[in-house]
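These notes are about the structure you will find just below.
Each chain gets a letter, A, B and so on, in the order its sequence line appears, and its residues count up from 1. Treat the numbers as computed from the prediction; the structure is a model and nothing was measured.
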Amino acid sequence: MDYNFKAIEKKWQDYWEKNKTFKTHDDLENPKKCYVLDMFPYPSGTGLHVGHPEGYTATDIYSRFKRMKGFNVLHPMGWDAFGLPAEQYAIQTGTHPAITTNKNCDTFRRQIKSLGLSYDWDREINTTDPKYFKWTQWIFIRLFNTWFDENLQKGRPVNELTIPDEIKSLGDKEVRKYIDSRRLAYYENAQVWYCSSCRIVCANEEVLNDGSHEKCGNQVEKKYLKQWMLRIPLYAERLLKGIDSLNWPEGIKEMQRNWIGRSTGAEVDFRIEGLDESLTVFTTRPDTLFGATYMVIAPEHHLVDKITTDSYRKQVEKYVKQSALKSDLDRTDLAKEKTGVFTGRYALNPVNNSRIPIWIADYVLTGYGTGAIMAVPAHDTRDFEFAEKFNLPIICIQDPDVSDAEQRARILEGNECWTEDGIYINSSDPVTGIDINGLNKEAGIEKITKWLESRNLGRAKVNYKLRDWLFSRQRYWGEPFPVVHWDDGEISVIDEKELPLELPALEKYIPGESGESPLANAGEWLNVVDANGRRGRRETNTMPQWAGSCWYYLRFIDPRNDQVIFDSEKEKYWMPVDLYIGGAEHAVLHLLYSRFWHKVLFDLGIVSTDEPYQRLFNQGMILAFAYENQTGAKVPADQVTEKNGKYYNTQTGEELKQIVAKMSKSLKNVVNPDDVTEKYGADSLRLYEMFMGPLDVMKPWDERNVKGVFNFISRTYRFFAETGNISTGEEDIEILKGLHRTIRKVEDDIENLKFNTAISEMMIFLNLVYKKGKVTKETARNFILILSAFAPHLGEELWQILGHDHSLAYEPWPEVNPEYLKVDIIEYPVSFNGKMRFKIELPAEMNKDDIEKAVLADARSEKWTGGSKPLKVVVVPGKIVNVVVKPS
RNA sequence: GCCCGGAUGGUGGAACGGUAGACACGCAGGACUUAAAAUCCUGUGGCCAUAAAGGCUGUGCGGGUUCAAGUCCCGCUCCGGGUACCA
């Protein structure tokens with residue numbers, strides 16, 4: 001009667017595969033649908049680690065539960081398989097990335113299948129499959145052919161774009177330019193990070209804080225290269241508003257809001273003395289205009305040349321050059337020490353026409369606002385630091401709301417910066433007529449903005465941190481852009497009938513020098529001639545890895561459709577995703593990009609929902625124990641031995657401290673799920689992943705604890721597989737109560753994704769079963785059904801032993817009978833002054849007064865009341881009694 | 001710096017403002033066994049104490065609200081993650 005998990009698990013995995021037990025049918029008539037999605041993995045060469053199955057098990061339990069609750073469940077899996085490692089391997093060995101990729105996918109598929117996850121494998125997709133990326137390219141064409149109508153706050157096809165007559169009159173080329181300037185996808189010179197050692201352009205997230213490339217460690221440099229960009233900021237307001245309606249963790253929602261970074265303020269125009277130009281700044285504090293004592297423009301600002309006077313030109317040019325060379329490392333390292341240079345030029349403050357100097361400094365960024373600021377050192381800490389360093393005037397214009405008299409004096413004298421609220425002083429001008437003295441911040445902002453608008457000197461403005469999205473990579477292993485660059489300068493997308501545009505075979509995958517993609521060597525593939533004999537060259541950049549993952553949830557709906565991206569009736573049925581689980585590291589970028597594409601597709605009528613992911617949950621990272629010595633040096637786990645709860649270095653014998661750290665090769669503490677399934681079985685792995693702790697927190701893997709759930713599974717098997725333990729006749733009332741409480745707890749916990757407590761409840765029930773020694777077949781049935789969501793192999797096996805000849809996957813979830821949840825006797829804890837002293841059993845329906853009487857009548861009360869009347873008695877029916885007595 | 005999390009026994013962790021430590025690991029003791037493993041049973045926060053009881057104390061630290069605080073509020077400490085001068 002031993003629990004032979006190897007044979008059992010193999011048997012049922014084969015059964016599910018053979019019978020296609022988890023094939024999802026597009027039963028569009030069934031109103032109960034549930035789309036449960038995992039963030040699909042990048043199939044790396046190292047295979048699965050125990051972090052992957054955490055989320056997969058959670059969604060699997062949820063899916064199995066929903067199926068048993070009568071839902072039509074869509075639960076697919078696929079591969080986000082483009083990526084640099086396969087390409088680098090190709091460079092080294094000449095092996096085509098597709099070969100490496102498919103091999104890795106095979107490993108991942110085998111490993112995932114060995115966990116008994118209930119995916120519909122007929123829907124498996126792979127982002128590198130031309131049949132898939134055909135539609136990624138198709139979406140790109142949509143983005144290219146869409147503009148954003150600010151008035152309707154909606155993306156629309158470019159052929160609905162009205163061309164102003166004055167543009168039309170300038171000819172076709174200008175019309176083309178006008179349209180191109182509105183497209184959601186555009187092609188432009190952009191500053192990118194370039195790694196000369198790998199010869200590739202890197203995404204920001206691949207550049208480490210010290211300015212080195214995360215893959216090779218070499219310093220990256222900045223470079224201007226022609227790039228595809230997507231105008232995601234146009235959707236900033238929609239993306240921001242949409243967040244509110246989502247059932248996502250608050251922290252993630254907040255991170256997205258911060259990333260979008262909406263701020264309200266005003267644009268203000270400053271005339272430049274001696275030039276017929278004005279300098280526009282964005283400020284959130286137009287109310288502090290009277291405190292503006294200088295201006296700063298970014299070194300890359302387009303007016304730098306014009307503004308700089310001859311006598312300062314040399315210094316300025318030197319400074320601009322220097323800051324261009326600076327990596328982010330230098331900028332942050334020197335963050336405390338601000339640098340800058342005077343241009344020799346002055347601007348005029350619109351509120352009082354005072355002359356204020358224009359400086360250049362790299363603490364002002366080109367990419368945000370207008371790339372120029374008005375500096376108000378008295379009320380902005382960065383401006384304050386800069387002004388102190390360069391001895392620029394600091395004028396306090398706000399009497400601060402502060403109680404400390406000394407601090408107030410320092411602020412008024414301009415010796416300390418004040419960024420909070422206060423009452424304006426020195427904020428009026430008889431000539432221009434503006435006066436905000438005596439007002440506070442809110443009123444001041446409003447008044448001065450109105451004044452600026454009425455004089456056409458400025459305007460209220462909303463600004464976002466969100467920037468255009470750099471959407472091209474100089475790599476081979478990505479989706480080719482369906483784009484042709486024509487000799488006459490026109491850029492066009494290819495006809496949809498020509499999709500997919502597949503990658504050409506190459507002999508070598510080495511990128512070109514100066515940052516060109518390997519596709520630049522693609523020979524004939526590159527050349528295109530149109531019907532009129534016009535020559536063109538294909539785009540050599542490829543799309544970033546985000547592209548395929550931005551919309552894969554849509555393809556799962558109809559993955560084999562080669563006519564359309566997906567059937568829209570099916571899309572209407574399945575969308576939105578009801579539950580999406582993955583790591584928090586994708587909190588911002590993947591989810592934001594994906595929402596952006598979805599909204600564009602929604603505007604174009606291609607999808608039926610405004611948001612793709614209704615409910616999101618992030619699993620916490622799984623960590624592992626690691627060891628360090630007195631000096632904090634890490635010792636690889638294979639050089640550590642345990643003795644009486646202490647840890648020692650096997651080489652040196654020194655005592656080590658156990659810490660919790662990320663799993664890493666160097667620490668030798670990576671846990672491979674294959675090893676765990678080999679030793680304890682897939683059901684134990686699944687159960688332990690869930691039992692470790694709450695799904696959303698980080699937790700350390702501790703193999704010793706796998707034994708706990710393994711014991712539980714073995715005990716379950718030993719009990720229910722032994723027919724002698726199954727009784728006939730009436731079920732024991734305690735068993736019934738326990739069973740129904742367990743069903744209720746488990747179903748509630750699954751809905752709330754609290755799998756750890758669901759499992760412990762089942763353990764409690766099993767302990768009760770062992771105590772009683774026998775259960776009825778009905779009880780066994782019900783318990784096996786709820787357990788099967790967690791440990792499906794064991795569930796199926798016991799189900800069969802009970803005499804069933806088909807899978808339990810679609811059996812109805814056991815009904816809770818509320819009769820058995822009722823309690824007639826409550827054991828009230830009785831506390832005196834908040835301290836629990838004794839317990840008393842009272843009928844559940846007893847009212848407050850009677851409870852009070854019963855408690856005070858109890859002999860044990862006298863010890864605490866001293867026989868006198870208590871000051872107060874708090875009775876919470878069903879919960880607790882608290883007697884307040886005079887403290888002795 | 002800023003933003004977001006977190007801190008509960010030897011360990012992983014439970015706990016609608018209502019009995020702190022469920023469940024599990026580990027450990028200790030017992031049963032079974034020639035013995036061990038496996039299994040089953042019992043105990044297990046700390047301190048004091050006992051014939052049986054019982055008492056004190058305890059959720060990172062310091063205050064507060066409340067009949068009652070791990071939970072709510074204010075002020076810290078430490079740890080983890082994100083971000084980098086966002087005007």
Side chain of Arg715(A) only, please: which of C86(B), C41(B), A24(B) is the nearest?
C41(B)
Which residue, Met762(A), Lys754(A), Arg741(A), forms the side chain to side chain contact (heavy atoms under 4.5 Å, CB included) with Val746(A)?
Met762(A)
Under 6.0 Å from the NZ atom of Lys707(A), do we count more than 12 heavy atoms belonging to anything else shown?
no
Inter-nucleotide C1' distance (C61(B), G12(B)), Å rounded:
25 Å
Closest to side chain of Lys872(A), choosing from C86(B), A20(B), C67(B):
C67(B)
What interatomic distance, in whole Å, is found between P of G9(B) and the corresponding atom of U59(B)?
9 Å
Quick one: does any side-chain atom of His379(A) pair with a main-chain N or O of Trp418(A) as donor and acceptor, under 3.5 Å?
yes
Base orientation of G9(B), syn vs anti, 90° cut from 0:
syn
Nearest-Å distance once atom P is located in both U11(B) and U83(B)
32 Å
For the backbone of Phe625(A) and the side chain of Asn669(A), can you confirm whether one donor and one acceptor N or O come within less than 3.5 Å of each other?
yes
Picking from G13(B), C23(B), U83(B), which would you name as closest to the side chain of Pro700(A)?
G13(B)
Taken to the nearest whole Å, CG/Asn752(A) to P/C16(B) is 12 Å
Taking the six-membered ring for Trp, are His590(A) and His586(A) parallel (under 30°), tilted (30 to 60°) or perpendicular (over 60°)?
perpendicular
Would you mind pulling out the nucleotide paired to U66(B), Watson-Crick or G-U wobble, both distances under 3.5 Å?
none
Ring centroid separation for Tyr294(A) and Phe390(A), is it under 6.0 angstrom?
no
Nucleotide by nucleotide, nucleotides 42-54 of chain B touches protein heavy atoms under 4.0 Å in the pattern (B base, S sugar-phosphate only, - none) ------------S
Closest listed nucleotide, where the reference is the side chain of Thr757(A) and the choices are A24(B), A15(B), C41(B):
A15(B)
Does C16(B) have a Watson-Crick or wobble mate here (both distances under 3.5 Å), and if so which one?
none
Between the base of C4(B) and the side chain of Arg257(A), is there a donor-acceptor distance below 3.5 Å?
no
Nearest-neighbour nucleotide for the Asn756(A) side chain, C67(B), U83(B), A14(B) considered
A14(B)
How would you label the contact of Arg704(A) with the nucleic acid (heavy atoms, under 4.0 Å): base, sugar-phosphate, or nothing?
sugar-phosphate
So what does Lys461(A) touch, heavy atoms closer than 4.0 Å: a base, only the sugar-phosphate, or nothing?
nothing
Quick one: does any side-chain atom of Tyr368(A) pair with a main-chain N or O of Lys465(A) as donor and acceptor, under 3.5 Å?
no
Classify Arg860(A) by what it touches in the nucleic acid, base, sugar-phosphate, or nothing, heavy-atom distance under 4.0 Å.
nothing
With a 4.0 Å cut-off on heavy atoms, is Lys465(A) in touch with a base, just the backbone sugar-phosphate, or nothing at all?
base
With sugar-phosphate meaning primed atoms plus P, OP1 and OP2, does Asn711(A) contact a base, only sugar-phosphate, or nothing at under 4.0 Å between heavy atoms?
sugar-phosphate
Tell me the interatomic distance from Asn705(A), atom CG, to C27(B), atom P, rounded to whole angstroms.
12 Å
Contact class for Asn882(A) (heavy atom, under 4.0 Å): base, sugar-phosphate, or nothing?
base
Examine Trp359(A) together with Phe386(A) and report whether their ring centres are nearer than 6.0 Å.
yes
Taking any heavy-atom pair under 4.0 Å as a contact, classify Lys707(A): base, sugar-phosphate, or nothing.
sugar-phosphate
Between Gly251(A) and Ile764(A), which has a closest nucleotide on RNA chain B that is more 5'?
Gly251(A)
Which one is paired to C76(B), where only Watson-Crick or G-U wobble pairs with both distances under 3.5 angstrom count?
G60(B)
Rounding to a whole Å, what distance do you find between Met762(A):CE and A24(B):P?
13 Å
Base, sugar-phosphate alone, or nothing: which one does Lys839(A) contact when heavy atoms must sit under 4.0 Å apart?
base
Say we look at G64(B) and G6(B): how far apart would their P atoms be, to the nearest angstrom?
25 Å
Length of the CH2-C1' vector between Trp701(A) and G12(B), whole Å:
12 Å
What orientation do Phe832(A) and Phe838(A) show, parallel under 30°, tilted 30 to 60°, or perpendicular over 60°?
tilted
With respect to the side chain of Met698(A), which nucleotide from A24(B), G81(B), U11(B) is positioned closest?
G81(B)
Short side-chain N/O contact to A15(B) OP1/OP2 from Lys754(A), under 4.0 Å
yes
What is the ring orientation for Phe5(A) with Phe710(A), classed by angle as parallel under 30°, tilted 30 to 60°, or perpendicular over 60°?
perpendicular
What interatomic distance, in whole Å, is found between C1' of G10(B) and the corresponding atom of A84(B)?
41 Å
Return the value, rounded to whole Å, for the distance between atom CG of Leu623(A) and atom P of G6(B).
16 Å
Mind checking Thr381(A) for me? I need base, sugar-phosphate or nothing, with any heavy atom below 4.0 Å counting as a touch.
nothing
From C-beta outward on Glu254(A), which listed nucleotide comes closest to its side chain: G12(B), C86(B), C4(B)?
C4(B)
Same-atom distance (C1') from U42(B) to G54(B), integer angstrom
22 Å
Provide the distance between the two C1' atoms, one in A22(B) and one in C76(B), to the nearest whole Å.
32 Å
Length of the CZ-P vector between Phe625(A) and G10(B), whole Å:
15 Å
Using a heavy-atom cut-off of 4.0 Å across all strands, would you classify Val876(A) as base, sugar-phosphate, or nothing?
base
Please check: side-chain N/O of Asp683(A) versus main-chain N/O of Leu794(A), any donor-acceptor pairing under 3.5 Å?
yes
Ignoring the backbone of Pro829(A), work out which of C86(B), A24(B), U19(B) is nearest its side chain.
U19(B)
Paired nucleotide for U42(B) [Watson-Crick or G-U wobble; both distances under 3.5 Å]:
A28(B)
Base-pairing mate for G1(B) - Watson-Crick or G-U, with both contacts under 3.5 Å
U83(B)
Report the nucleotide, chosen from C40(B), G55(B), A87(B), that has the shortest atom-to-atom distance to any side-chain atom of Arg382(A).
A87(B)
Please report, rounded to the nearest Å, how far the C1' atom of C67(B) is from the CD atom of Glu852(A).
12 Å
Using atom C1' in both nucleotides, what's the gap between G45(B) and C41(B) to the nearest angstrom?
23 Å
Side chain of Phe282(A), heavy atoms from C-beta onward: which of U11(B), C3(B), A87(B) has the nearest atom to it?
A87(B)
How close or far is atom C1' of C85(B) from atom NZ of Lys389(A), stated in whole angstroms?
14 Å
Flag, side chain of Lys774(A) to backbone of Tyr770(A), donor-acceptor distance under 3.5 Å:
no
Name the nucleic acid region contacted by Phe712(A), choosing base, sugar-phosphate or nothing; use a 4.0 angstrom heavy-atom cut-off, strictly under.
nothing
Which part of the nucleic acid, if any, lies within reach of Asn767(A) when heavy atoms closer than 4.0 Å are counted: base, sugar-phosphate only, or nothing?
sugar-phosphate
Between Ser760(A) and Val881(A), who's closer to the 5' end of RNA chain B by nearest nucleotide?
Val881(A)
